[in-house]
Amino acid sequence: MADKPSIPKGTRDFNPLEMARRNFIFDTIRKIFKTYGYLPIETPAMENLSSLMGKYGEEGDKLLFKILNSGDFKAKLDAETLHETPAGRLGVLIAEKGLRYDLTVPFARFVVQHRNDIAFPFKRYQIQPVWRADRPQRGRYREFYQCDVDVIGSHSLLNEFELMQIMDEVFTALGLKVVIKLNNRKVLAGIVEVIGEPDRMIDITVAIDKLDKIGMEKVLAELDQKGLSKQSVEKLKPVLEMEGTTSTKLTFLSGYLNQSEIGMEGLMEVDKLFGFLKDHPVDAAVEFDLTLARGLNYYTGTIFEVKSDEVQIGSICGGGRYDNLTGIFGLEGVSGVGVSFGADRIYDVLLQLERFPQEREMDTQLLFVNFGENEANYILSILRRLRSGGIASELYPDPVKMKKQMAYANNRKIPFVALVGEQEMQDGVITLKEMETGNQERLTPAELVERLSNNIS
RNA sequence: GUGGAUGUAGCUCAGCUGGUUAGAGUACUGGAUUGUGGUUCCAGAUGUCGCCGGUUCGAACCCGGUCAUCCACCCCA
């Protein structure tokens with residue numbers, strides 16, 4: 001056999017069953033976005049590389065898919081640059097476009113570019129694929145869909161709360177038990193300020209994150225190795241040892257952070273969100289989680305992450321507040337907040353839990369057996385009536401053996417088969433067979449339409 | 001980017017410390033049943049055993065390389 005065709009690593013085909021299931025997820029999410037007043041936009045698959053580079057940290061830049069310039073992409077390069085430039089850097093010299101890495105940065109670009117046509121606060125949703133040159137793994141793809149909702153142009157914490165309600169409503173509608181984790185960058189900034197290491201936020205949050213994996217001693221050793229002073233580590237220790245419920249944690253931190261203005265501000269925000277929750281509870285569990293740092297470096301306030309309570313897979317939804325994302329595109333002082341649902345991981349979770357609803361509304365309801373040219377021609381006008389009545393129906397294209405046509409209906413799980421042969425044509429009726437029971441009845445075309453319309457509703 | 005595992009029929013997998021013609025289930029095709037599917041029975045087709053090389057009288061099996069896939073770390077949706 002010749003080499004089988006294949007698709008690039010980390011990408012997938014979707015068959016009709018998978019599409020029905022994916023659309024169930026997209027439809028559920030879209031419907032909820034709309035009821036909260038968000039409007040749809042789309043942006044191109046590719047952006048100028050300059051819009052993408054530097055927005056996701058050093059790691060992110062490496063994971064960008066770059067698109068080779070068309071035409072003679074090395075025309076402007078002299079031999080020396082071509083040789084001397086390290087491979088990693090050569091990319092930007094021969095590629096000026098790249099595939100989008102997420103939907104938030106293109107959205108920021110969109111807002112800046114169309115600022116005069118947008119009424120702020122602008123609430124939009126966007127459901128499109130994104131691409132990352134990551135190494136594929138369980139729950140990690142190189143092409144996957146994000147479903148983003150963002151509000152831009154408002155500082156109000158009501159937006160954060162609204163997003164929490166949306167997250168809750170979506171996962172409830174999908175029938176999934178989840179935990180919404182909540183943190184605030186300002187609280188993290190406050191902690192590093194208090195211990196006197198304001199520039200070491202990343203090292204410290206990574207250390208906090210590893211706490212339950214490798215234990216206190218190893219975390220302390222690692223911090224020491226990273227060059228944190230003993231004094232700072234000592235000061236950090238109470239935070240690492242912090243335990244208990246959200247409210248005891250918040251009480252502890254309000255004492256701990258009281259010398260840090262930014263820390264207290266963050267704490268107040270977290271407190272306010274939990275206040276909203278108290279008055280308007282949601283189904284999902286909501287946890288204050290200091291270990292949540294999130295890699296995307298544009299977040300400045302609240303950070304969200306949603307994890308499945310039932311299946312172990314990375315986060316299935318995440319997001320946060322970014323105060324100055326549009327600043328990098330030249331529009332200062334516009335604050336935004338948003339979250340992104342990972343449709344592909346949600347799919348994996350639903351699949352594993354077998355929670356997909358058994359839905360087959362739009363599938364073919366009725367198949368006409370093809371007995372030959374005359375019969376087929378006669379059936380075409382009946383089909384037209386059925387279809388204009390909203391009944392999905394089809395005629396088997398070839399006049400092959402009946403057994404084969406029945407087997408086709410069976411495989412497609414088409415619930416009804418109609419037989420119209422010479423006999424029926426003469427009598428002006430249709431023999432309708434219900435596949436599941438095997439029952440057959442003779443109906444006029446009008447009765448047929450009525451019978452099947454009732455069956456659908 | 002670092003580490004580990006696995007590649008045999010369309011799919012899921014057997015294949016004995018290396019032995020001659022590589023199997024099962026399922027799916028597929030035809031028939032039992034020429035206007036009736038899902039069950040049953042009968043028959044049939046299907047493989048460079050991922051690829052390249054080495055060891056051997058002999059390799060799906062052992063060794064080396066390579067590619068692909070999966071898993072963990074990292075990062076995240």
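Heavy-atom basis, side chains included; hydrogens, waters and symmetry copies ignored. So you know, we letter chains A, B, ... as the sequences are listed, proteins then strands, and number each from 1. Not measured: the values here are computed from a predicted model.
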Looking at every strand, decide which applies to [X] at a 4.0 Å heavy-atom threshold: base, sugar-phosphate, or nothing.
X: A/K9; answer: sugar-phosphate
X: A/L419; answer: base
X: A/G60; answer: nothing
X: A/A407; answer: sugar-phosphate
X: A/E434; answer: nothing

Please report, rounded to the nearest Å, how far the [atom2] atom of [N] is from the [atom1] atom of [X].
X: A/R442; N: B/U36; atom1: CZ; atom2: P; answer: 16 Å
X: A/L351; N: B/A77; atom1: CG; atom2: C1'; answer: 17 Å
X: A/Q405; N: B/G37; atom1: CD; atom2: P; answer: 12 Å
X: A/I303; N: B/C75; atom1: CD1; atom2: P; answer: 14 Å
X: A/N439; N: B/G38; atom1: CG; atom2: P; answer: 18 Å
X: A/F368; N: B/G37; atom1: CZ; atom2: P; answer: 20 Å
X: A/D102; N: B/A77; atom1: CG; atom2: P; answer: 8 Å
X: A/Y299; N: B/A77; atom1: OH; atom2: C1'; answer: 10 Å

Say you pick atom [atom1] in [N] and the same atom in [M]; how far apart are they, in whole Å?
N: B/C61; M: B/U20; atom1: C1'; result: 15 Å
N: B/G25; M: B/G50; atom1: C1'; result: 23 Å
N: B/U69; M: B/C11; atom1: P; result: 15 Å
N: B/C52; M: B/G38; atom1: C1'; result: 48 Å
N: B/U26; M: B/A45; atom1: C1'; result: 15 Å
N: B/G15; M: B/U8; atom1: P; result: 14 Å
N: B/U46; M: B/A24; atom1: C1'; result: 14 Å
N: B/C49; M: B/U21; atom1: C1'; result: 15 Å

Would A/R124 and A/Q126 count as a side-chain contact (heavy atoms from CB on, under 4.5 Å) here? Give the steps.
CA-CA 7 Å; A/R124 75 88 230 228; A/Q126 187 172 354; 2.3 Å; yes
Does the cation-pi check pass for A/R321 over A/Y299, that is, NZ or CZ under 6.0 Å from the six-membered ring centre and within 45° of its axis?
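Pair A/R321/A/Y299 does not count as cation-pi.
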Please determine if A/R22 forms a cation-pi arrangement with A/F14, meaning its NZ or CZ atom is less than 6.0 Å from the six-membered ring centre and no more than 45° off the ring axis.
yes
Indicate the ring-plane relationship of [X] and [Y], choosing parallel, tilted or perpendicular according to the 30° and 60° boundaries.
X: A/H114; Y: A/F110; result: tilted
X: A/F356; Y: A/Y347; result: tilted
X: A/F26; Y: A/Y145; result: tilted
X: A/F288; Y: A/F274; result: perpendicular

Run the numbers on A/E434 and A/N439 for side chain to side chain donor-acceptor pair (under 3.5 Å), then give the verdict.
CA-CA 5 Å; A/E434 190 177 353; A/N439 291 342; 4.9 Å; no
Starting at the 5' end of RNA chain B, which residue's closest nucleotide do you reach first, A/Q440 or A/F341?
A/Q440
A/D344 vs A/I7, nearer the 5' end of RNA chain B by closest nucleotide:
A/I7
Counting N and O atoms only, with roles assigned by atom type, does the side chain of [X] sit under 3.5 Å from a partner on the main chain of [Y], one being a donor and the other an acceptor?
X: A/S315; Y: A/G318; value: no
X: A/E193; Y: A/G263; value: no
X: A/K237; Y: A/V233; value: no

Quick check on salt bridge (Lys or Arg N to Asp or Glu O under 4.0 Å): which of A/K249, A/K181, A/K307 does A/D289 satisfy it with?
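With A/D289 as partner, salt bridge (Lys or Arg N to Asp or Glu O under 4.0 Å) holds for just one option, A/K181.
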If you go through the side-chain atoms of A/N410, does one of them form a donor-acceptor pair with the base of B/G37 closer than 3.5 Å?
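Under the 3.5 Å cut-off, the side chain and the base do form a donor-acceptor pair.
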Give, ordered by number, those residues of residues 137-152 of chain A having at least one heavy-atom distance below 4.0 Å to an atom of RNA chain B; if nothing qualifies, reply none.
A/Q137, A/R138, A/G139, A/R140, A/Y141, A/F144, A/Q146
State whether the number of non-hydrogen atoms from other residues, nucleotides or ligands found under 6.0 Å of A/M435 atom CE is greater than 12.
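It does: A/M435 CE has more than 12 such atoms within range.
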Could you summarise the pairing of RNA chain B as dot-bracket text, marking Watson-Crick and G-U pairs under 3.5 Å with ( ) or [ ] inside the strand and | across strands?
(((((((..((((.....[...)))).(((((.......))))).....(((((..]....))))))))))))....
Name the pairs: protein N/O against N/O of nucleotides 29-31 of chain B, kept only if under 3.5 Å.
from, atom 1, to, atom 2, distance (Å)
B/G31, OP1, A/K401, NZ, 2.3
B/G31, OP2, A/K401, NZ, 3.2

From CA spacing to verdict: side chain to side chain donor-acceptor pair (under 3.5 Å), A/E424, A/T431
CA-CA 7 Å; A/E424 283 88 352; A/T431 299; 2.6 Å; yes
Which of these nucleotides, B/A77, B/G35, B/G1, is closest to any side-chain atom of A/S315?
B/A77
Quick one: which of B/G37, B/U2, B/A77 gets closest to the side chain of A/R132?
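Of B/G37, B/U2, B/A77, B/A77 is nearest to the side chain of A/R132.
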